[in-house]
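Here is the structure we will look at.
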2 protein chains.
Amino acid sequence: MDGKSAQTKAKVLDAALGMFRSQGFAKTTMRAIAAEAGVSLGSAYYYYASKDELVLELYRESVVEQSTAASLAMQGNSGLGNRIKLAMHAGIDALTPYHGFGGTFISSALPPQSAVNPFGEASAEVREAAVGLFSEAVDGAKIPAFLRAQLPELLWLAYMGVVLFWVYDSSANQRRTRTLIDGAAPLIAKLVSFSRLPVVKPLVEEALALKDKVQG
Amino acid sequence: MDGKSAQTKAKVLDAALGMFRSQGFAKTTMRAIAAEAGVSLGSAYYYYASKDELVLELYRESVVEQSTAASLAMQGNSGLGNRIKLAMHAGIDALTPYHGFGGTFISSALPPQSAVNPFGEASAEVREAAVGLFSEAVDGAKIPAFLRAQLPELLWLAYMGVVLFWVYDSSANQRRTRTLIDGAAPLIAKLVSFSRLPVVKPLVEEALALKDKVQG
DNA sequence: CACACTTTTTGAACATGTTCAAATGTACCG
DNA sequence: CGGTACATTTGAACATGTTCAAAAAGTGTG
């Protein structure tokens with residue numbers, strides 16, 4: 001039966017996410033999470049082996065939120081640039097409540113051995129969902145054949161860069177990040193469309209070849 | 001008099017760097033550093049307010065090593081691609097002893113409020129040195145005027161990307177990172193040279209404008 | 001030298017992430 | 001029911017980064 005156990009697990013997660021939002025990541029102690037959830041410290045660890053795993057859930061939820069919001073918004077919008085914009089803005093929207101502790105968030109997210117590291121094993125499922133969102137953004141646009149397969153992953157990578165920028169963005173409401181997205185998305189679209197041209201094509205092909213060579 | 005005090009400080013730093021290399025960052029405790037240096041725990045903290053500050057020293061030293069090695073190597077080498085290659089390889093060379101704990105390194109290096117964060121206040125001096133190295137790499141090459149001023153910083157940014165890749169690179173001796181540098185450097189050089197062409201120029205100009213708009 | 005003031009040193013104390021052996025609860029079998 | 005195996009819960013114990021008040025050592029002054 002999954003009822004009781006799952007319920008406890010959910011209580012712990014709710015307490016954690018709530019306190020992350022209100023107190024930040026560093027200030028939220030495992031003891032406080034356990035207390036808020038009404039369980040003992042050991043119990044919290046029974047369900048989540050580390051504080052990082054809680055962050056992975058947060059990341060997971062944010063991607064779900066990003067996906068649903070972006071999918072919906074893309075229904076009425078065509079044009080590669082526009083769709084990239086929507087996908088990225090939706091991601092930042094979902095992360096916004098956590099900007100205050102973006103720093104501590106990223107410090108547990110980036111180490112290679114961390115459960116949360118976006119490039120790692122543990123987050124494969126979430127990453128694929130995110131890449132899938134960019135596939136959706138690309139769908140319907142005219143993409144040169146030699147680019148199509150790789151483009152979604154490249155866009156996700158670019159988005160990871162945007163997230164990193166966002167973490168450091170101290171402007172009010174992270175306006176600079178929004179500006180970055182608004183500027184970068186059409187640029188990317190333009191680059192994709194130009195990638196057919198004789199001057200640009202070999203450059204792009206070379207870059208794609210390097211990406212393949214360097215991967216795995 | 002700076003003799004005694006500076007000597008103690010140096011002893012702490014030496015102990016720390018040595019143990020970082022041999023044990024990794026996480027496994028090296030402040031207590032162990034203090035013991036190795038022959039001082040008390042409190043004394044270690046008197047000189048370095050946090051473990052992160054020790055990492056900043058490491059970063060500083062690695063940039064110095066990178067700079068001297070790269071400057072030397074560039075004396076006999078011309079060609080933008082080659083010089084970029086040299087600068088980046090020198091950086092990875094200097095970091096190699098620490099690859100084992102690159103993950104923990106980056107986890108303390110990236111948080112915005114960390115003393116070590118490469119984009120932050122505290123590391124401004126080191127960052128300028130690193131950007132300066134790329135200025136040197138660019139010197140002598142024919143760079144389109146509208147690009148020249150921004151290029152070194154862009155190259156440093158690209159190099160930060162390479163370092164991030166290196167952190168995650170689990171191939172033997174980080175061969176993939178070397179492949180990346182060898183492939184990316186000529187690509188960048190080609191892009192710079194193509195940036196004069198009518199198709200490419202507006203794209204690059206737009207990107208530069210976006211960078212300015214988004215900065216500060 | 002005696003005194004005051006500063007720099008340095010010390011180790012105990014604290015907070016917090018994590019581990020673990022033991023206690024408690026639950027489900028199912030004979 | 002009695003009992004056994006498994007799941008869950010508990011809180012004490014541990015390790016470690018960091019803080020801090022007090023002691024010690026050093027330095028200059030009268």
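In what follows, chains carry the letters A, B, and so on, assigned in the order in which the sequence lines appear, proteins first and then strands, with residues in each chain numbered from 1.
Proximity of residues 13-24 of chain B to DNA chain C (heavy atom under 4.0 angstrom from any strand atom) is not detected for any residue.
Residues B:L41 and A:T29 both approach DNA chain C. Their nearest nucleotides, taken by heavy-atom distance, put B:L41 toward the 5′ side.
One interatomic measurement links the two molecules: CD of A:Q7 to C1' of D:dT8, which rounds to 14 Å at whole-angstrom precision. B:K51 has its NZ atom 19 Å from the P atom of C:dT16, to the nearest Å. Rounded to an integer number of Å, the gap from A:M30 CE to D:dA15 C1' is 17 Å. Rounded to whole Å, atom C1' of D:dC14 lies 11 Å from atom CZ of B:R31.
Contact annotation: A:Y46 does not reach the phosphate of D:dT9 (side-chain N/O to OP1 or OP2, under 4.0 Å). Between A:S43 and D:dT10, a side-chain N or O to OP1/OP2 separation shorter than 4.0 Å is present. Here A:T8 reaches the OP1 or OP2 of D:dT9: one of its side-chain N or O atoms lies under 4.0 Å away. Put simply, B:Y45 has a side-chain N or O that comes within less than 4.0 Å of OP1 or OP2 on D:dT18. The side chain of B:S40 contributes no N or O atom lying less than 4.0 Å from OP1 or OP2 of C:dG11.
The existence of a salt bridge linking B:R178 and B:D93 is confirmed by a sub-4.0 Å separation between a basic side-chain nitrogen and an acidic carboxylate oxygen.
Summarising the geometry, atom CD1 belonging to B:I188 is positioned 5.0 Å from atom CE belonging to B:M88; distances are rounded to the nearest 0.5 Å. To the nearest 0.5 Å, atoms CG (A:L155) and CE (A:M160) are separated by 12.0 Å. Summarising the geometry, atom CG belonging to B:D139 is positioned 8.5 Å from atom CZ belonging to B:R148; distances are rounded to the nearest 0.5 Å.
Side chains of B:D182 and B:H89: a donor-acceptor N/O pair is present below 3.5 angstrom, by distance only.
Among the protein residues, B:Y47 comes within range of the sugar-phosphate backbone only, with heavy atoms under 4.0 Å from sugar or phosphate atoms but none that close to a base.
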Indicate every side-chain donor-acceptor pair of residues 125-136 of chain B with a distance under 3.5 Å to a residue at least two apart or in another chain.
unit_1	atom_1	unit_2	atom_2	d
B:R127	NH1	B:P118	O	2.7
B:R127	NH1	B:F119	O	3.4
B:R127	NH1	B:G120	O	3.0
B:S135	OG	B:V131	O	3.4
B:E136	OE1	B:S71	OG	3.1
B:E136	OE2	B:S71	OG	3.1

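Using the six-membered ring where Trp is involved, A:F25 and A:F20 have ring planes that are tilted, between 30° and 60° apart.
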